[in-house]
A.B. asks: 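Structure below; questions to follow.
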Amino acid sequence: MNSKQIKLPMIDDHQTAVCGLGEQAAVTFGDAAGANWVTGQLETVVGPIYQVSTELDYHDRAGSAKTRCGIGRMNYAIPPALYAIGKPDKTSPVLVSANYKLSFDLLRRELTGLDLWVLVIDTKGINVWCAAGKGQFGTAELARMVVCTRLPEIVSDRTLILPQLAAPGVSAHEARRQCGFKIVYGPVRAADIPAFLGADCKVEPSMRQTHFTLRDRLILAPVELVATIKPLIGLTAFFFLLNLMAMLFGRNPVSPNLLPGQTFSDLIPFLIAVLVGVVLVPALLPYIPGRALAWKGWVLGMFWALCFSLFAASNAGWLQSAAYFLIIPAITAFLGMNFTGATTYTSLSGVTKEMGIALPLIIVSASLGLITLITAYFV
Amino acid sequence: MKYTYLKDVVTLQMDQSKCNGCGMCLDVCPQQVFTLTDHISAITDRDACMECGACARNCPQQAVSVRPGVGCAYGILMDKLNIKGKCCGDTCGCSLDNIPDS
């Protein structure tokens, strides 16, 4: 926490407070102009405010699809500003959200038929939960945006509705002290917002729980798969060289025209190991016994190594089989451990403990496996 | 369903003598770690805590303490290797680029 005394922006001295209001508002306004999700402008006491569509169109869907595959993911932001849904007035509720376009899309598509304000704060294009956990979605930024958008002049009610998952970054009592608005934490999911507003801002216990459904667990798989392309190219080069060396110096040389095919077939167990780690481990997460994610990955890796050795490589030598059992579970354990960052429930202390045990074992297992594998090509 | 991670590992602590029963910790906790009984909050499912820090930050009485952080192996690894910049590459949508130093 910042121990420095923060100057409290008074409701009526926004012109001089935290932000240089004039140019800031002009810049963000210019940015959103012409965006596919802007449907019009609403005249207010502080000037025109953009009205936002509650329906996602082709551009939004294409953008989401690209982002989900890891393309331009770090640069998918919208201008921080106050936006209007429908035709809100001074008594309408104010929702606060992140300026990650995916978060904004998920929010606005649930708001059909409602009249309210959406205050989009600058979270550097990062989603609500991650930004709250890492400090971009914070009390100071919230207070700054309240002042910058001249919100106190636009609404009479002094309440801001924040997504519950913003709470790791925002201190409700501190925010009230800084900007004069009471903070109400709304539901975790945007889909529950109409029900929440309809029930006079009462949150049902079910709206407070994070879900981690099959879809949630697999939504990051495409991004993770894209991230494995580089290491896999390295692995391909490794097997190509290994086969080349074996061809030149090994005991059972393959002929040069078989080299590409041999390289590919050598890769298969490891390609599938990557799929097991990135897709199958998240998919089966609640059903794999044990708690640590590296362990869960290792279990499925052992299972795959067993299947492969029994059914696909039953004529492989013992060295090669040993290499499979050492390398494949190491890969899946690592990928399982990596999945901690995508879950909704792993703690820093837990992951640190898990890594301290798993990482050395993974490195030893993979190294031994690699030595065994290389040896298997030459004896 | 509620997922539970490792046992007896989190840093969450609570000083019940400071609690005024406002229930804010119950509101903000994404893992339903707290229960309110007779206007006093208690940690009733400690192992479910993911150390997001929402309770501690939003407790007006400073009755709750936790070392907050993100349980992300890749982030921790990059931190250990002292690689700055994108904490998660392109894997989780977070970035350490703009974190205040405090």
Side-chain angles (χ1 to χ4, degrees), chain A residues 1-2 70 73-74 100 102 124-127 129-136 138-139 164-165 167-174 185 188 203 205 208-210 212 220 223-224 226-227 285-286 291-294 337-355 359, chain B residues 1-12 22 24-32 47-62 66-77 79-80 85-102:
Chain A
M1 293 287 281
N2 196 341
R73 190 153 176 256
M74 292 302 177
Y100 184 42
L102 270 188
K124 315 294 176 198
I126 297 168
N127 72 68
W129 210 7
C130 284
K134 304 248 173 114
Q136 294 91 347
T139 314
Q164 184 192 323
L165 295 185
V170 175
S171 166
H173 52 279
E174 184 62 27
Y185 288 109
V188 165
V203 184
R208 289 264 178 248
Q209 287 169 8
T210 53
F212 201 38
L220 285 171
V223 175
E224 297 278 0
V226 170
L285 192 73
R291 286 169 182 258
L293 269 67
M337 192 181 77
N338 227 9
F339 189 64
T340 50
T343 67
T344 56
Y345 69 99
T346 55
S347 60
L348 175 61
S349 300
V351 176
T352 306
K353 182 182 177 188
E354 163 164 359
M355 280 177 77
L359 206 53
Chain B
M1 75 171 285
K2 183 148 105 184
Y3 292 79
T4 306
Y5 193 41
L6 308 185
K7 276 183 195 164
D8 295 327
V9 72
V10 294
T11 53
L12 181 70
C22 73
M24 199 62 169
C25 48
L26 278 80
D27 279 357
V28 297
C29 179
Q31 288 283 97
Q32 288 72 49
D47 287 339
C49 173
M50 58 172 292
E51 300 185 320
C52 72
C55 50
R57 194 178 282 271
N58 282 279
C59 176
Q61 301 294 109
Q62 279 150 12
V66 61
R67 180 190 64 172
V70 181
C72 169
Y74 196 86
I76 297 168
L77 197 61
D79 214 38
K80 283 221 174 92
K86 288 179 179 177
C87 85
C88 317
D90 276 338
T91 58
C92 89
C94 329
S95 161
L96 281 173
D97 288 348
N98 303 296
I99 309 296
D101 284 332
S102 61

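Only this structure's heavy atoms are used, side chains among them; waters, hydrogens and symmetry mates stay out. Reminder, nothing fancy here: chain letters follow the sequence lines and each chain counts from 1.
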A.B. asks: Do side-chain atoms of A:R291 reach the backbone of B:L6 as a donor and acceptor pair under 3.5 angstrom?
C.D. replies: no

A.B. asks: Sub-3.5 Å donor-acceptor pair from the side chain of B:Q32 to the main-chain atoms of A:P205, do we have one?
C.D. replies: no

A.B. asks: Check salt bridge (Lys or Arg N to Asp or Glu O under 4.0 Å) between B:D47 and all other residues, then give those that pass, not counting sequence neighbours.
C.D. replies: none

A.B. asks: Using a cut-off of under 4.5 Å for heavy-atom pairs, which of A:A131, A:S347, A:G350 has the most such pairs with chain B?
C.D. replies: A:S347

A.B. asks: For a quick test of reading the model, state the closest non-hydrogen atom pair linking B:V70 to A:K134 and the distance between them.
C.D. replies: CG2-CE, 3.7 Å

A.B. asks: Measuring only between side-chain heavy atoms, which start at C-beta, is A:V170 closer than 4.5 Å to B:R57?
C.D. replies: no

A.B. asks: On a heavy-atom basis, which atom in B:V9 and which in A:K353 lie closest, and how many Å separate them?
C.D. replies: CG2-CD, 3.8 Å

A.B. asks: Please look at A:M355 and chain B and tell me whether the side chain, the backbone, both or neither of the residue comes under 4.5 angstrom of a heavy atom of that chain.
C.D. replies: side chain

A.B. asks: Answer yes or no: is there a side-chain heavy-atom contact under 4.5 Å between A:T352 and B:I76?
C.D. replies: yes

A.B. asks: Determine the option with the most heavy-atom pairs under 4.5 angstrom with chain A, choosing from B:A56, B:A48, B:C59.
C.D. replies: B:C59

A.B. asks: Looking at chain B, which one of A:G133, A:A172, A:A294, A:A132 has the largest number of heavy-atom pairs inside 4.5 Å, strictly under?
C.D. replies: A:A172

A.B. asks: At a 4.5 Å cut-off on heavy atoms, which part of A:Y185 comes close to chain B: side chain, backbone, both, or neither?
C.D. replies: side chain

A.B. asks: Could you pull out the closest heavy-atom pair between B:C52 and A:P168, with the gap in Å?
C.D. replies: O-CB, 3.3 Å

A.B. asks: Return the minimal non-hydrogen interatomic distance between A:R208 and B:L26, and the atom names on each side.
C.D. replies: CD-O, 4.2 Å

A.B. asks: Rounded to the nearest 0.5 Å, what's the gap from CE on A:M337 to CG on B:L77? Could you check?
C.D. replies: 6.5 Å

A.B. asks: In Å and rounded to the nearest 0.5 Å, what is the CG to NE2 distance from B:N58 to A:H173?
C.D. replies: 7.0 Å

A.B. asks: Pick whichever of B:T4, B:T11, B:V10, B:D8 has the most heavy-atom pairs under 4.5 Å with chain A.
C.D. replies: B:T4

A.B. asks: Is it the backbone or the side chain of A:V226 that comes under 4.5 Å from a heavy atom of chain B, or both, or neither?
C.D. replies: neither

A.B. asks: My understanding is that only one of A:T346, A:L348, A:V351 makes a side-chain contact (heavy atoms from CB on, under 4.5 Å) with B:E51; could you say which?
C.D. replies: A:L348

A.B. asks: Listed by chain and number, what are the salt bridge (Lys or Arg N to Asp or Glu O under 4.0 Å) partners of B:K2, not counting sequence neighbours?
C.D. replies: B:D45

A.B. asks: Who wins among A:G138, A:A292, A:S349 for the most heavy-atom pairs under 4.5 Å with chain B?
C.D. replies: A:S349

A.B. asks: Name the region of B:P60, side chain, backbone, both or neither, that has any atom closer than 4.5 Å to a heavy atom of chain A.
C.D. replies: both

A.B. asks: Do the rings of A:Y345 and B:Y3 sit parallel, tilted or perpendicular, given the 30° and 60° boundaries?
C.D. replies: parallel

A.B. asks: Select one option (side chain, backbone, both, neither) describing which atoms of A:L102 are under 4.5 Å from chain B's heavy atoms.
C.D. replies: neither

A.B. asks: Check whether any side-chain heavy atom of A:V188 lies under 4.5 Å from a side-chain heavy atom of B:P30, and answer yes or no.
C.D. replies: no

A.B. asks: Please report the closest heavy-atom contact between B:A73 and A:T340, naming both atoms and the distance.
C.D. replies: N-OG1, 2.9 Å

A.B. asks: Check B:Q31 against A:T210 and note the closest heavy-atom contact, atom names and distance.
C.D. replies: OE1-OG1, 3.8 Å

A.B. asks: B:C49 versus chain A, heavy atoms under 4.5 Å apart: side chain, backbone, both or neither?
C.D. replies: backbone

